[in-house]
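Below, chains carry the letters A, B, ... as their sequence lines are ordered, and counting in each starts from 1.
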2 protein chains.
Amino acid sequence: MIDVAHRLRSQGYRLTPQRQLVWEVLRAAHAEGDHLSAEEIHERVSATVADFNVASVYRTLTLLTELGLATEVQLGDGRGHWELAHADDAIHLHCRRCRSVDHHQGELVSRIRSHLHGDHGFVVEDVDVVVHGLCEACAAHPE
Amino acid sequence: MIDVAHRLRSQGYRLTPQRQLVWEVLRAAHAEGDHLSAEEIHERVSATVADFNVASVYRTLTLLTELGLATEVQLGDGRGHWELAHADDAIHLHCRRCRSVDHHQGELVSRIRSHLHGDHGFVVEDVDVVVHGLCEACAAHPE
DNA sequence: ATCGGTGCAAACAATTTGCATTAGA
DNA sequence: TCTAATGCAAATTGTTTGCACCGAT
């Protein structure tokens, strides 16, 4: 388990209730498989802290990203979605019906890496794979 | 080669110089491997048509997408980038230095499809793969 | 002559920034 | 106390929309 408090302070950043809460919201969402937009994070934290501002959401997310603790994912709806950072070899399975995002671990991303590395001169730094479609549950009962 | 004029008219749409030019800009960009933003398309077409409006770029791109002639790609800089439509089994190799985007055809995407289809209930509709890194040329001479 | 398409300006939505104030360390 | 972090409001940026006029069919 990551200790944000320590992680922040060791880099000279302060631990504020806002930052703590954004982090906890991300953690909770992670458990539910949610990939929240800044606005959604704002709403959830606002339930606890009054006068909490969206700008702080963005500032915090930027900071967490720099520290390698959070990641932004582009799901194709124009806005960014955020999640706890994880190994970059995960595929995002995005259900267009219930909006859920599932992570699928696999050798696929590393295969892409080695494939490109072998045949081509392209130096891979980051692989983004987003698969759009219908999750098992939504595919099961059509409508 | 696709005949946009015919393609448009057969669906009841009109062929306007603006639409024609947007299409030609996309074609030219395709040859150079460029994935243009709406703003860039606007600039290029404006060189030929005076008073050409950005709104028309968006409207035209939306139309071309509906007709299956163009596609939007998310490269991670917040705005959309456009290209001629192509088979959806292409990987985008995005160079963070020179901004070029290369297409890499391969069995990888179809492998993702069949893999997910076999092991999981996820119904794949669209696979977006964007690899960020350095293209061969940029990797060659560092700086 | 129609009615779809365009330019223009205003509306929107997501994200960023400047600045005075607050509160971690 | 000192200065980073916040709230707030205004500014940016990318994209969309309403409407009167224009032009492809």
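Using a 4.0 Å heavy-atom criterion, one finds that A/Glu39 contacts no nucleic acid atom at all. Contact annotation for B/Gly12: no contact, since no heavy-atom pair falls under 4.0 Å across all strands.
Ranking D/dG18, D/dT6, C/dG4 by closeness to the B/Arg59 side chain, first place goes to D/dG18. When distances are taken from the side chain of A/Glu72 to each of C/dT15, C/dG7, C/dT6, the shortest belongs to C/dT15. With distances taken from any side-chain atom of B/Pro17 to the nucleotides D/dA24, C/dA25, C/dT15, the minimum falls on D/dA24. The side chain of A/Arg19 lies closest to D/dA5, out of D/dT15, D/dA5, C/dG7. Considering only the side chain of B/Phe52, C/dG7 comes nearest among C/dA25, D/dT6, C/dG7.
Annotation: of the two residues near DNA chain D, B/Gly78 and B/Thr16, the 5′-most nearest-nucleotide partner is B/Gly78. Residue order along DNA chain D, read from the 5' end via each residue's closest nucleotide, puts B/Asn53 first among B/Leu15 and B/Asn53. Of the residues near DNA chain C, B/Tyr13 and B/Ala55, the one whose nearest nucleotide (by heavy atom distance) lies more toward the 5' end is B/Tyr13.
In this structure, B/Leu26 and B/Leu64 have side chains that are in contact, with non-hydrogen atoms separated by less than 4.5 Å. The shortest distance between side-chain heavy atoms of A/Val4 and A/Gln20 does not fall below 4.5 Å.
With hydrogens and angles ignored, no donor-acceptor pair closer than 3.5 Å exists between the side chain of B/Arg14 and the base of C/dG5.
The distance from atom CG of A/Asp77 to atom P of D/dT15 is 13 Å, rounded to the nearest whole Å. Between A/Gln20 atom CD and D/dA5 atom P there is a gap of 15 Å when expressed in whole angstrom units. Residue A/Gln18 contributes atom CD, which lies 11 Å from atom C1' of C/dG24 at whole-angstrom precision. Here the P atom of nucleotide C/dA13 and the CD atom of A/Glu40 are 15 Å apart, to the nearest Å. Distance, A/His42 NE2 to D/dC8 C1': 11 Å, rounded to whole Å. Residue A/Trp23 contributes atom CH2, which lies 19 Å from atom C1' of D/dA5 at whole-angstrom precision. Rounded to whole angstrom, the span from the CG atom of B/Leu8 across to the C1' atom of D/dA24 amounts to 12 Å. The OH atom of A/Tyr58 sits 5 Å away from the C1' atom of C/dT15 (whole-angstrom rounding).
Here CH2 of B/Trp82 is found 8.0 Å from CD1 of B/Ile41. Values are rounded to the nearest 0.5 Å.
Aromatic rings from B/His35 and B/His94 are positioned such that their centres are separated by 6.0 Å or more. Ring to ring, B/His30 and B/His86 are not that close: their centroids are 6.0 angstrom or more apart.
Contact between the side-chain N/O atoms of A/Arg79 and the OP1/OP2 oxygens of C/dT15 is not found at any separation under 4.0 Å.
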